[in-house]
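Here the structure is laid out as structure tokens; the discussion comes afterwards.
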Amino acid sequence: MSVLGLLGAIVGLNLVERIGRRPLIITSFTGLSIALIILALNPHPTMAFLVILFSLAVLFANMGGGILNFVYPTELFPTSIRASASGLATGVSRIGSILGILVFPNLVAAWGNSKALWFFAVISMAGLIVSVLLAPETKGKNLEELNNELNVSPGTTLKGENHGEMA
């Protein structure tokens with residue numbers, strides 16, 4: 001599974017500039033959701049089936065979110081909050097990873113495999129829906145262009161206060 005996770009990261013690295021951020025995150029959430037749904041629908045999977053589908057889930061997770069976590073937050077937020085927003089995005093990602101590792105075994109024990117997998121499939125599908133509805137494409141745009149699209153000039157906060165001008 002770890003090898004496919006590494007392969008997913010390599011694929012994502014090679015695709016992020018070719019196909020763009022939006023298609024990559026949507027493809028990633030779609031593949032992850034499908035793998036989790038197939039796992040959830042199979043009440044008595046073989047070990048080979050589990051290894052293959054969990055490996056595919058890890059591949060898709062690393063291909064999109066694992067790679068875009070380094071690129072997308074930097075591009076999505078205006079200069080005035082870019083570092084804080086990127087740090088928050090990374091922190092939330094790390095907390096989610098930790099919770100997934102800690103929560104999944106407890107959910108399996110309490111709910112069984114299928115319901116626990118449905119829980120994570122629903123979370124993945126929510127990510128897919130949010131990405132389809134809200135994820136902009138930032139491929140090929142520099143940070144100044146992206147700031148202009150957000151209608152934020154350098155030195156301006158989101159509240160409209162300008163810290164770059166002298167009073």
Side-chain angles (χ1 to χ4, degrees), residues 1-42 45 49-79 81-108 111 113-143 145-147 149-150 158:
M1 287 191 327
S2 295
V3 170
L4 278 180
L6 176 62
L7 179 62
I10 292 168
V11 169
L13 282 169
N14 286 301
L15 290 179
V16 71
E17 287 299 325
R18 287 187 192 158
I19 68 169
R21 285 81 165 129
R22 179 179 166 78
L24 187 59
I25 196 71
I26 290 171
T27 301
S28 175
F29 273 124
T30 301
L32 178 59
S33 297
I34 291 170
L36 291 172
I37 290 168
I38 291 170
L39 280 165
L41 289 172
N42 191 334
F49 183 81
L50 284 173
V51 169
I52 290 168
L53 284 194
F54 272 122
S55 296
L56 286 173
V58 170
L59 179 135
F60 280 107
N62 285 355
M63 181 183 81
I67 293 303
L68 290 174
N69 193 41
F70 299 107
V71 179
Y72 223 13
T74 303
E75 297 173 339
L76 293 178
F77 296 101
T79 305
I81 63 166
R82 185 168 293 137
S84 296
S86 293
L88 177 65
T90 300
V92 168
S93 167
R94 300 303 182 254
I95 291 168
S97 296
I98 292 166
L99 287 176
I101 291 168
L102 295 176
V103 170
F104 185 70
N106 294 321
L107 290 180
V108 169
W111 296 349
N113 288 337
S114 183
K115 287 181 183 174
L117 287 164
W118 275 115
F119 176 77
F120 285 97
V122 167
I123 291 171
S124 180
M125 289 183 289
L128 174 60
I129 291 167
V130 167
S131 296
V132 168
L133 296 176
L134 299 175
E137 181 55 68
T138 59
K139 175 186 159 194
K141 298 177 183 174
N142 63 41
L143 295 178
E145 288 176 284
L146 294 169
N147 269 345
E149 287 180 13
L150 292 169
L158 290 179

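Here the structure is a predicted model, which is why all the values come from computation and not from measurement. Throughout, residue positions are numbered sequentially from 1 according to the sequence presented.
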So CG of Leu13 and CG of Leu68: to nearest 0.5 Å the spacing works out to 9.5 Å

Closest heavy-atom pair, Leu102 versus Pro105, reported as atoms and distance to 0.1 Å, is O-CD, 3.8 Å

CG (Asn113) and CG (Leu39) are apart, to the nearest 0.5 Å, by 9.5 Å

Rounded to the nearest 0.5 Å, the CG atom of Leu134 sits from the CD1 atom of Ile25 at a distance of 12.5 Å

Note: Phe60 and Thr27 closest approach over all heavy atoms is CD2-O, 3.9 Å

Closest non-hydrogen contact found for Ile81 with Phe77 is CD1-CD2, 4.0 Å

When rounded to the nearest 0.5 Å, the distance separating OG of Ser86 from CG of Asn69 is 8.5 Å

Between the CG atom in Leu4 and the CG atom in Leu56, the distance rounded to the nearest 0.5 Å is 6.5 Å

side-chain hydrogen bond (donor to acceptor under 3.5 Å, both in side chains) filter on Ser28, not counting sequence neighbours, yields none

Between Glu137 and Tyr72, the two heavy atoms sitting closest are N-OH, 4.4 Å

Evaluate side chain to side chain contact (heavy atoms under 4.5 Å, CB included) for Asn62 paired with Leu6, printing each intermediate quantity in order. CA-CA 7 Å; Asn62 285 355; Leu6 176 62; over 6 Å; no

Worksheet item: Is any side-chain heavy atom of Met63 less than 4.5 Å from a side-chain heavy atom of Ile67?
Response: no

CD1 of Ile26 to CD1 of Ile19, rounded to nearest 0.5 Å, is 9.5 Å

*Any side-chain heavy atom of Val132 within less than 4.5 Å of one from Phe29?*
no

**Asked** So, does Arg22 use its side chain to make a donor-acceptor pair with the main chain of Ser131 at under 3.5 Å?
**Response** yes

| Heavy-atom side-chain contact between Lys115 and Leu107 under 4.5 Å | no

Residues passing the side-chain hydrogen bond (donor to acceptor under 3.5 Å, both in side chains) test with Glu17, sequence neighbours excluded, are Arg21

Within the structure provided, determine whether Trp118 and Ile37 are in side-chain contact (heavy-atom separation under 4.5 Å). yes

By side-chain hydrogen bond (donor to acceptor under 3.5 Å, both in side chains), Ser33 pairs with (sequence neighbours left out) Ser124

Exercise. Would you say Leu117 and Phe104 make side-chain contact, with heavy atoms under 4.5 Å?
Worked result: yes

Nearest heavy-atom contact between Leu50 and Pro45 is CD2-CG, 3.6 Å

